[in-house]
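See below for the structure under consideration.
All values derive from a computational prediction rather than experimental measurement. In what follows, chains are A, B, ... by sequence order, proteins preceding strands, each numbered from 1.
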2 protein chains.
Amino acid sequence: MAPAIRTDPDGVDVAGRRLPLSRELIISAAVLFVDDNGLPALTMRGLGKELGVEAMSLYRYVNGREDLLEGIVESMVSELHLDPTTMEPLNGWQVYLQWLAHGVRRIAQEHPAVFPLIATRHPAAPWLRPPLRSLKVVEDFLSELISRGFTDESAIAAYRAFSSFLLGHLLLEAAARGAKTDVIADMPSPEDLSPANLESSIATFPHVSRLGARLSEDHSDSEFEAALENMLDRLDRTLAH
Amino acid sequence: MAPAIRTDPDGVDVAGRRLPLSRELIISAAVLFVDDNGLPALTMRGLGKELGVEAMSLYRYVNGREDLLEGIVESMVSELHLDPTTMEPLNGWQVYLQWLAHGVRRIAQEHPAVFPLIATRHPAAPWLRPPLRSLKVVEDFLSELISRGFTDESAIAAYRAFSSFLLGHLLLEAAARGAKTDVIADMPSPEDLSPANLESSIATFPHVSRLGARLSEDHSDSEFEAALENMLDRLDRTLAH
DNA sequence: ACCTGAACACCGTTCAAGT
DNA sequence: ACCTGAACACCGTTCAAGT
């Protein structure tokens with residue numbers, strides 16, 4: 001059932017040694033597991049088996065399943081931390097927001113099955129807005145914009161608008177990407193528009209039937225870039241008020 | 001534990017008669033249950049108890065838990081169907097999109113705990129985009145726009161942009177609304193910025209600390225209207241190409 | 001120090017049996 | 001026709017016990 005898992009099923013490396021358990025190892029194994037098998041398949045017992053260990057062993061390193069999910073989200077979002085030691089300085093808030101937007105998009109594309117977790121889990125503080133849901137990311141966001149001409153208020157408004165933008169676009173893009181690759185243990189979709197059912201629905205849904213092929217086309221790259229440009233232009237206009 | 005349920009805990013009406021079980025009754029009871037107790041609390045056994053019946057009885061009317069969730073989503077989204085018999089004719093695609101946007105927003109506001117379900121469940125067809133995830137809604141959408149000057153391509157582009165817009169804004173708004181009312185059986189948030197922890201993080205997150213109060217302010221009404229206006233203007237511009 | 005066996009309280013789901 | 005008891009295969013989680 002599990003296709004092409006990246007670790008040996010018994011959680012041993014190529015030399016046959018068992019990898020030493022740790023929070024980091026468990027979380028990264030969980031990410032791979034969700035990538036391959038989908039979120040509902042992630043159970044403590046199943047992940048334990050993947051690592052060649054009983055489920056109870058995991059409780060030494062993570063405080064239960066909820067904490068594991070939190071760790072997964074945190075490990076993904078931390079890729080968006082600004083790191084001055086390795087990054088060249090950004091010139092302009094537009095460059096920063098472009099970098100940030102494409103960073104989140106890369107996460108959504110590489111881990112489409114994990115992204116719904118990033119999108120819908122309750123953040124640590126009520127004003128944190130997925131997918132920009134870590135304190136460090138928000139601090140960077142506000143700092144970059146305010147140091148480059150935004151007022152406090154406009155930086156906060158930008159944070160709200162930008163998080164909504166990223167969430168809507170990338171959650172739908174991840175869902176589309178997931179639907180192609182997906183380990184669909186879901187039920188066979190009842191009102192599916194496969195060729196068989198399509199004919200019977202031409203009368204009821206003429207536009208949908210006629211445009212079915214074009215509705216399925218993937219223009220996510222150009223659509224994302226265009227919407228991102230529009231967002232940046234809009235922020236620029238509020239700056240010049 | 002369960003606060004202010006709207007049906008008698010034994011699923012009987014005021015006269016003491018047991019309500020006759022049906023798919024519709026079960027689904028609407030499930031919606032109320034999720035509104036009050038949150039999505040994770042919805043179990044077949046728990047819902048059965050709420051209706052004064054054993055869990056197994058529900059299987060006569062719904063094909064398992066997944067089908068129940070599907071029924072919940074479908075019952076909410078069907079509120080967005082155009083009904084020519086009761087509605088006055090809409091003049092202009094802007095009026096239609098305003099009506100649609102506010103309809104989805106009302107659902108998100110009235111059922112914030114259900115909205116993540118509408119947002120993240122795999123739709124019946126891969127090209128359906130939550131929250132506009134029913135064939136009828138998409139047919140209405142395309143029909144309204146194409147009959148009012150949109151080309152096939154621009155109507156499809158508008159469907160994509162509009163669904164992304166609604167999903168991003170309303171999922172975040174529902175999450176914020178849910179966090180206030182929520183039955184939070186969640187763990188105590190570890191990096192919460194409550195007064196106690198706030199002081200220690202001023203050094204690490206100066207902007208966040210300074211703006212904490214303003215980050216928590218709710219401007220969702222005006223922000224939604226402004227972003228909706230912007231979206232409609234953008235569509236209007238592509239129309240005039 | 002690290003892992004496990006056994007146990008507990010839950011799930012969803014099936015099916016023969018009751019009324 | 002409609003509901004239930006009993007059972008099965010799973011969960012997450014705890015804790016005393018093993019090594």
Any chance you could encode DNA chain C as dot-bracket? Rule is Watson-Crick or G-U wobble with both distances under 3.5 Å; [ ] for pairs crossing earlier ones, | for another strand. ||.|||||...|||||.||

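Taking atom NZ of A/K49 as the reference point, atom C1' of D/dA9 lies 12 Å away to the nearest angstrom. For B/L51 and D/dT4, the CG to P distance is 11 Å, given to the nearest whole Å. If you take CE of B/M56 and C1' of D/dC8, they are 12 Å apart, rounded to a whole angstrom. The distance between atom CG of A/L42 and atom P of D/dC10, rounded to the nearest whole Å, is 17 Å. Here D/dA7 presents its P atom at 15 Å from CD of B/E54, a figure rounded to the nearest Å. The OH-C1' distance, from A/Y59 to C/dC8, rounds to 13 Å in whole Å. Atom CD1 in B/I26 sits about 12 Å away from atom C1' in D/dC3, given to the nearest Å. Counting to the nearest Å, the P atom of D/dC3 and the CG atom of B/L47 are 13 Å from each other.
A salt bridge links A/E79 with A/R106: the closest approach of a Lys/Arg side-chain nitrogen to an acidic carboxylate oxygen falls below 4.0 angstrom. Between B/D67 and B/R23 there is a salt bridge, since at least one side-chain N of the basic residue sits less than 4.0 Å from a carboxylate O of the acidic one. The residues B/R105 and B/D221 are annotated as salt-bridged, a charged nitrogen and a carboxylate oxygen being separated by less than 4.0 angstrom.
Across C/dT13, C/dC11, D/dC3, the shortest atom-to-atom separation from the side chain of B/V53 is found for D/dC3.
Shortest non-hydrogen contact noted between B/L68 and B/A30 is CD1-CB, 4.0 Å.
To the nearest 0.5 Å, atoms CD1 (A/I156) and CZ (A/F141) are separated by 10.5 Å.
Taking for each of A/R60 and A/R45 the nucleotide of DNA chain C with the nearest heavy atom, the 5'-most of the two is the partner of A/R60.
The shortest distance between the side-chain N/O atoms of B/R65 and the OP1/OP2 oxygens of C/dG12 is below 4.0 Å. Taking side-chain N and O atoms only, A/S57 has no distance below 4.0 Å to OP1 or OP2 of C/dC2. Close to C/dC3, at under 4.0 Å from its OP1 or OP2, lies a side-chain N or O of A/Y61.
Counting only N and O atoms by type, the side chains of A/H219 and A/E217 include a donor and acceptor under 3.5 Å apart. A side-chain donor-acceptor contact under 3.5 Å links B/R129 and B/S164.
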